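Since we're looking at a predicted model, the values are computed, not measured. Values below: all heavy atoms of this structure, side chains included; hydrogens, waters and symmetry mates excluded.
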Amino acid sequence: MEKMKCTVCGYIYDPNLGVDDSIITKGTSFEQLPQDWVCPVCGAPKDAFEVEKQA
């Protein structure tokens, strides 16, 4: 599963970590997130994310 980066604030969604275990559990791929999910840092919509490029 790929990490996704918010193009607005730089937040990284890591499916191996999830988001605050009680909200989005570990192992949830970005594609499995609801369409109305927003960045937990800046509130950007899901379509503002792109694949995080590995260095």
Side-chain angles (χ1 to χ4, degrees):
M1 289 188 280
E2 296 178 305
K3 293 179 183 178
M4 300 295 288
K5 181 179 182 178
C6 177
T7 59
V8 176
C9 73
Y11 169 80
I12 304 294
Y13 175 75
D14 184 343
N16 295 312
L17 301 177
V19 180
D20 295 333
D21 291 332
S22 61
I23 299 172
I24 304 294
T25 58
K26 294 176 184 177
T28 302
S29 71
F30 189 77
E31 293 76 23
Q32 291 175 305
L33 296 174
Q35 276 307 113
D36 62 350
W37 182 84
V38 296
C39 177
V41 175
C42 72
K46 192 174 173 184
D47 63 0
F49 281 72
E50 63 183 21
V51 174
E52 169 68 0
K53 295 171 180 58
Q54 302 298 318

**Request:** State which residues pass side chain to side chain contact (heavy atoms under 4.5 Å, CB included) with D36; sequence neighbours excluded, sorted by chain then number.
**Result:** P34
**Prompt:** Looking only at heavy atoms, which two atoms of T28 and M1 are closest? And how far apart?
**Reply:** C-SD, 4.3 Å
**Request:** Count the heavy atoms of every other residue, nucleotide or ligand shown that sit under 6.0 Å from CD of E52, and state whether that count exceeds 12.
**Result:** yes
**Message:** Is there a path of hydrophobic side-chain contacts, each under 4.5 Å between heavy atoms of I/L/V/M/F/W/Y residues, joining V41 to V38?
**Reply:** no
**Request:** Starting at CZ of F49, measure out to CH2 of W37 and round the result to the nearest 0.5 Å.
**Result:** 4.0 Å
**Request:** Could you grab the distance from atom OH of Y13 to atom CG of L33, nearest 0.5 Å is fine?
**Result:** 4.5 Å
**Asked** What pair of heavy atoms forms the shortest contact from K46 to E31, and how long is it?
**Response** NZ-O, 3.6 Å
Donor-acceptor pairs under 3.5 Å, side chain of residues 3-11 to any protein atom, not counting sequence neighbours: which ones?
{"unit_1": "T7", "atom_1": "OG1", "unit_2": "A48", "atom_2": "O", "d": "2.6"}

